[in-house]
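In what follows, a single structure is set out as structure tokens and then discussed.
FYI, the numbering just counts along the sequence from 1. This one's a predicted model, so the numbers in the text were calculated from it and none came from an experiment.
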Amino acid sequence: MIKFRHPNNRAFYEYWRKLPKAGVLPDKNSFMPEEIPSLLSTMVVYELVSDDFIRIRLIGSKVEERFGGHRTGSNYLDFVEEHRKDAASAAFWSQVKNNCGMHAVLAQELVSGRIAHIEVVGVPVSTDEGEHPVLFFQSNEIAYNSDGGQVKEPQVFDDKGDGLLKYIWVVERSYFDLGLGVPFLRD
């Protein structure tokens, strides 16, 4: 059972679960953004091009503010500390290889020194043969509670003055079963 801290993450996962599936995963084309307009500003779509290039295909406006500007087309791994890049890439690829979801809390260090805690939930979708794998993520800032308790009031990112992302690191990460098991991956 996933213990979501932010209601947008739960709503996103519930939407994904209701999509029609052929096998374990819904087809990428069954995902209709117009059906979940309130979640678009905190959505990120990643295209897994190679082990060292995870392209940000789509980034919602609130996430873009946290990343400090237009990041569509850039490599997500450029925002990960050098010594963690292999592990970060493996975490994304494990979702595709195992058809499983990911739930994590990330700490994003902004240039100002502020640490933003972000709860993310990511799910794979099936793609046409020959296309790069794609993952859909929901990414919401939370008031971090290390004991995993429910946050009553989700935080809203509104201090644009320090919105330039410096680094991302994982505080918590778990995988959840979508029907084929979960990987063993250690950060």
Side-chain angles (χ1 to χ4, degrees), residues 2 4 8-80 82 84-104 106 108 118-140 165 168 170 173-187:
I2 307 163
F4 293 107
N8 282 1
N9 292 336
R10 176 177 303 286
F12 173 75
Y13 177 64
E14 290 302 322
Y15 172 77
W16 182 91
R17 280 185 30 171
K18 292 177 183 174
L19 293 173
K21 295 170 183 62
V24 176
L25 302 178
D27 184 87
K28 171 180 76 170
N29 297 323
S30 69
F31 195 95
M32 300 296 172
E34 62 271 14
E35 294 177 351
I36 52 169
S38 65
L39 302 178
L40 296 180
S41 67
T42 50
M43 184 179 296
V44 183
V45 178
Y46 297 100
E47 177 184 17
L48 283 63
V49 177
S50 67
D51 288 345
D52 59 355
F53 186 43
I54 297 175
R55 179 181 292 131
I56 299 172
R57 289 270 308 262
L58 174 84
I59 185 167
S61 59
K62 286 185 181 179
V63 180
E64 195 168 65
E65 287 175 13
R66 279 198 311 268
F67 272 49
H70 184 73
R71 302 293 185 195
T72 302
S74 63
N75 186 356
Y76 169 80
L77 298 173
D78 290 344
F79 304 105
V80 176
E82 195 63 40
R84 290 212 64 263
K85 288 185 183 199
D86 289 342
S89 177
F92 277 84
W93 280 99
S94 67
Q95 284 186 263
V96 171
K97 292 174 183 170
N98 296 283
N99 291 327
C100 67
M102 181 196 305
H103 177 256
L106 309 175
Q108 294 182 348
I118 311 298
E119 180 188 42
V120 299
V121 61
V123 288
V125 293
S126 65
T127 56
D128 293 333
E129 193 169 326
E131 288 186 352
H132 295 293
V134 174
L135 298 171
F136 285 82
F137 271 79
Q138 187 62 203
S139 175
N140 292 280
L165 182 65
I168 299 172
V170 177
R173 180 184 1 243
S174 61
Y175 296 94
F176 52 92
D177 191 356
L178 299 175
L180 296 174
V182 294
F184 175 77
L185 181 68
R186 175 174 272 147
D187 273 322

Over all atoms of both residues, closest heavy-atom pair of I59 and E64 | CG2-OE2, 3.7 Å
Is the Y13 ring parallel, tilted or perpendicular to the F4 ring (thresholds 30°, 60°)?
-> tilted
Distance, nearest 0.5 Å, that separates CD of E35 from CG of L19 = 7.5 Å
To the nearest 0.5 Å, how far apart are CG in L58 and CD in E47?
-> 12.0 Å
Is M32 close to Y15 at the side-chain level, that is, under 4.5 Å between some pair of heavy atoms?
-> yes
Shortest non-hydrogen separation from S139 to N9 and the atoms involved | N-OD1, 4.1 Å
To the nearest 0.5 Å, how far apart are CG in N140 and CZ in R10?
-> 13.0 Å
Is there a side-chain contact between T42 and Q138, using heavy atoms and a 4.5 Å cut-off?
-> yes
Over 60° means perpendicular and under 30° means parallel, so classify the ring planes of F92 and F137, tilted if in between.
-> tilted
Rounding to 0.5 Å, atoms OG1 (T127) and CG (N29) come to a distance of 9.5 Å
Worked verdict on I36 versus F31 for side chain to side chain contact (heavy atoms under 4.5 Å, CB included) = CA-CA 10 Å; I36 52 169; F31 195 95; 3.7 Å; yes
Determine yes or no for a side-chain-to-main-chain donor-acceptor pair under 3.5 angstrom, with N75 supplying the side chain and R55 the backbone.
-> no
Distance, nearest 0.5 Å, that separates CG of L25 from SG of C100 | 10.0 Å
First locate atom CG of N99, then atom OG of S94, and finally report the distance between them rounded to the nearest 0.5 Å.
-> 11.0 Å
In terms of heavy-atom contacts, L77 and F53 come closest through CD1-N, 4.1 Å
If only atom types and distance count, is the side chain of S89 paired as donor or acceptor with the main-chain N or O of D51 below 3.5 Å?
-> yes
Atom CD of E34: over 12 foreign heavy atoms under 6.0 Å | yes
For the student: nearest non-hydrogen atoms of G122 and Q95, plus distance | O-NE2, 3.0 Å
Carefully, step by step, assess V123 and F176 under the rule side chain to side chain contact (heavy atoms under 4.5 Å, CB included).
-> CA-CA 9 Å; V123 288; F176 52 92; 4.1 Å; yes
Return the minimal non-hydrogen interatomic distance between T72 and R57, and the atom names on each side.
-> CG2-O, 3.3 Å
At their closest point, which heavy atom of R173 faces which heavy atom of A87, and how far apart are they?
-> NH2-O, 4.5 Å
